There are 2 protein chains.
Amino acid sequence: MAQRESSLAISALVKQLIEEIQQGNIADEHHQLPTEPALMTRYNVTRYTLRQALGQLGKMGYIYQAHGIGTFVRPRVEQGAVSIQNVAGLTAELERQGKKVTTQKATITPVIADQAAFQPSGSTLAPDTPMWEIKRQRCLDGVPYQFEHSYYLRDIVGDIPDSVLYGSLFEFIANNESLKLGFQDKVMDARAVTPEIGAFFKLPVGAPMLTMRDDSYLSSGQLFAFSQLNYEYHQGKFFMFTKL
Amino acid sequence: MAQRESSLAISALVKQLIEEIQQGNIADEHHQLPTEPALMTRYNVTRYTLRQALGQLGKMGYIYQAHGIGTFVRPRVEQGAVSIQNVAGLTAELERQGKKVTTQKATITPVIADQAAFQPSGSTLAPDTPMWEIKRQRCLDGVPYQFEHSYYLRDIVGDIPDSVLYGSLFEFIANNESLKLGFQDKVMDARAVTPEIGAFFKLPVGAPMLTMRDDSYLSSGQLFAFSQLNYEYHQGKFFMFTKL
DNA sequence: CAGTGGTCTAGACCACAGA
DNA sequence: CTGTGGTCTAGACCACTGC
């Protein structure tokens, strides 16, 4: 029973570091973190693992590293913006900011690919592929926020309980043992509000909205869902962080 | 004079791999790349270096890796979309797609921070910080595309020759030996077209546009520029790729 | 089971910043 | 010159896929 508990080293380390940063008990008065060698002994990991973790924190906008100088905590980023690089679902990220996402109305209908309102950008589907068509109207702290229009491949995801429609579809898929999530393509653009969406957002037709089209793949490279997420333009803000 | 030429291993390897993928002489008929051990010997690098490079290709959307299966070339992503995770400038990326960005009109004016139309999101500037205010109207293949409104800190970037205004500001900064680029925050949202911007886009006031606010930092963590890039909503599409 | 990518260790050398 | 982060090597073991 030594001090061994280092399973899942990197994700656990990421979680630990975020916690300590938020509690403010790791950076000094200049927002500077201990050096890499110090952190290696502190968490009993090698430099590779540590730097993988620091890299993740960087991607999330928590820290930056300056060559020859040190590692620093970044001032907190724009409130209300969601990280577009996020790994957890949208709901989870907003809840960490103390905001609440609720689903006001949801419908689910079986269709075939031929009947879909749009197609995935990267792949081509057989016209008779069975799918679930899902439409959801979602609010952020009670205010209209997101109009979702998604298609999930029935043969892959199986049945979707009604209860899930009012919670997190992302979590439902992630918790399915037989499905391993892989990656996602996203294309963002601005569009004009349509009558159907305007009715929910309480905006006139032609008003701006932010649209995110995404295609989701299993780790095997198999497409399992594609969707169009429309955001009310006062509420929908996406944050990201890039190394130059 | 052995077969040694492995300076800049990872960035050179990335470049090499992209080239071979585009020429189609590396993947097999199932779009599958050789295995990691095979690539290691082929390019004479270790697994660490190889995987760093493959990770970059993944971020750029060129490939994906499936655990236990292999590495695959991805079908080409949405045409006209620009990778939001890109490292090179916007102009460079669009030119790789065979598109041409031209600057139709540009102005540069010395101002102080107090006079700026907007402020950086993350940092606070002294009100008397000297800056360059730059406005540019840029076209994509001759069609109105981007309305740029930027501020550069004069004390950091120095003088900006007029010629640069009609080329790539990003390259100008990157080529300055005394400046080392660090990272960038971006916040994207949709907005309504203003009169000034509508005049350029030939769109009515209130029409949608895609706006990207960004703050740019040196590798030392020092802010050196912040800008607001507005995109005509039929043209401006941003692509990104996320691991789940 | 063999073969794939994913994680992790241990250590070396390089490049940059600042005293 | 010392200390920082950036790159790279060599090799081990684990987890997943498909036969």
Side-chain angles (χ1 to χ4, degrees), chain A residues 4-14 27-28 30-41 43-58 63-74 87 176-183 217-222 243-244, chain B residues 4-14 27-28 30-41 43-58 63-74 87 176-183 217-222 243-244:
Chain A
R4 279 273 118 198
E5 40 184 328
S6 48
S7 56
L8 285 177
I10 153 167
S11 54
L13 182 54
V14 167
D28 69 12
H30 297 28
H31 306 294
Q32 184 164 7
L33 261 59
T35 66
E36 293 187 352
L39 291 170
M40 283 164 66
T41 62
Y43 297 110
N44 189 34
V45 292
T46 57
R47 200 163 167 221
Y48 174 88
T49 307
L50 175 66
R51 283 180 61 78
Q52 293 278 325
L54 292 177
Q56 287 224 17
L57 292 192
I63 61 160
Y64 67 91
Q65 293 195 279
H67 196 175
I69 309 178
T71 303
F72 300 85
V73 176
R74 281 159 55 66
V87 179
N176 184 329
E177 302 268 328
S178 66
L179 298 180
K180 285 171 210 328
L181 299 184
F183 51 90
Y217 295 84
L218 300 176
S219 65
S220 63
Q222 163 73 53
K243 287 192 174 126
L244 290 175
Chain B
R4 282 271 118 200
E5 39 184 329
S6 48
S7 56
L8 288 177
I10 154 166
S11 54
L13 182 52
V14 166
D28 68 13
H30 299 24
H31 306 296
Q32 183 164 7
L33 261 59
T35 66
E36 292 187 352
L39 291 169
M40 284 164 66
T41 62
Y43 297 110
N44 189 35
V45 293
T46 58
R47 200 162 167 220
Y48 174 88
T49 307
L50 175 65
R51 283 179 62 77
Q52 294 277 326
L54 292 177
Q56 286 223 18
L57 292 192
I63 61 161
Y64 68 91
Q65 291 195 281
H67 196 176
I69 308 179
T71 303
F72 300 86
V73 177
R74 282 161 52 68
V87 179
N176 185 328
E177 301 267 327
S178 66
L179 298 180
K180 284 173 210 324
L181 300 185
F183 51 89
Y217 296 84
L218 299 176
S219 64
S220 63
Q222 162 74 52
K243 287 197 172 121
L244 290 175

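On a predicted model such as this, the values are computed, not experimentally measured, just so you know. Protein chains get the first letters and strands the later ones, always in sequence-line order, with residue 1 at the start of each. The figures here come from the full heavy-atom set of this structure, side chains too, leaving out hydrogens, waters and symmetry mates.
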Exercise for the section: Please evaluate the base of dT7(C) for a donor-acceptor partner in the side chain of Arg51(B) within a cut-off of under 3.5 Å? Expected result: no
Problem - Distance (rounded to the nearest 0.5 Å) between Thr46(A) OG1 and Glu36(A) CD - result: 11.0 Å
Practice task
Any chance you could measure Gln52(A), atom CD, to Leu50(A), atom CG, to the nearest 0.5 Å?
Solution key: 10.0 Å
Problem - Gap between atoms CG and P, on Leu13(A) and dT7(C) respectively (whole Å) - result: 14 Å
Completion exercise
To the nearest angstrom, the CG-P distance between Leu39(B) and dG3(C) comes to 17 Å
Practice task
Could you check how far CE of Met40(A) sits from P of dT4(D), rounded to whole Å?
Solution key: 12 Å
Problem - For atom CD of Glu36(A) and atom C1' of dT2(D), their distance in whole Å - result: 16 Å
Handout entry: Below 4.0 Å: OP1/OP2 of dG6(D) and any side-chain N or O of Gln65(A)
Key = yes
Practice task
Report, as a single string ordered 5' to 3', how protein heavy atoms within less than 4.0 Å touch nucleotides 14-19 of chain C: B base, S sugar-phosphate only, - not at all.
Solution key: -BBS--
Practice task
To the nearest Å, give me how far apart CZ (Arg47(B)) and C1' (dT7(D)) are.
Solution key: 18 Å
Practice task
Remember a base hit wins even if backbone is also touched, and classify Thr35(B) as base, sugar-phosphate or nothing at under 4.0 Å, heavy atoms.
Solution key: sugar-phosphate
Handout entry: Whole-Å gap separating C1' (dT9(D)) and CD1 (Ile10(B))
Key = 14 Å
Exercise for the section: For Ser220(A) and for Gln32(A), locate the closest nucleotide of DNA chain D by heavy-atom distance; then report the residue assigned to the nucleotide nearer the 5' terminus. Expected result: Gln32(A)
Handout entry: Heavy-atom pair of closest approach, residues Ile69(A) and Gln32(A)
Key = O-NE2, 3.5 Å
Exercise for the section: Output the distance between atom OG (Ser220(B)) and atom OH (Tyr64(A)), rounded to the nearest 0.5 Å. Expected result: 7.0 Å
Practice task
Whole angstrom is fine here: how far is it from OH in Tyr43(B) over to C1' in dT9(D)?
Solution key: 20 Å
Practice task
Report the residue (Leu33(A) or Tyr48(B)) whose heavy-atom-nearest nucleotide on DNA chain D is the more 5′ of the two.
Solution key: Leu33(A)
Practice task
Identify the heavy atoms of Pro34(B) and Leu39(B) that sit nearest to each other, and give their distance.
Solution key: O-CD1, 3.6 Å
Exercise for the section: Check Gln65(B) against Leu54(B) and note the closest heavy-atom contact, atom names and distance. Expected result: NE2-CD1, 3.6 Å
Problem - Distance test, side-chain N/O of Thr49(B) to OP1/OP2 of dT7(D), below 4.0 Å - result: no
Exercise for the section: Rounded to the nearest 0.5 Å, what's the gap from CG on Leu13(B) to CG on Asn44(B)? Could you check? Expected result: 10.5 Å
Practice task
Give the rounded distance in Å between these two atoms: CG of Leu57(A) and P of dG5(D).
Solution key: 14 Å
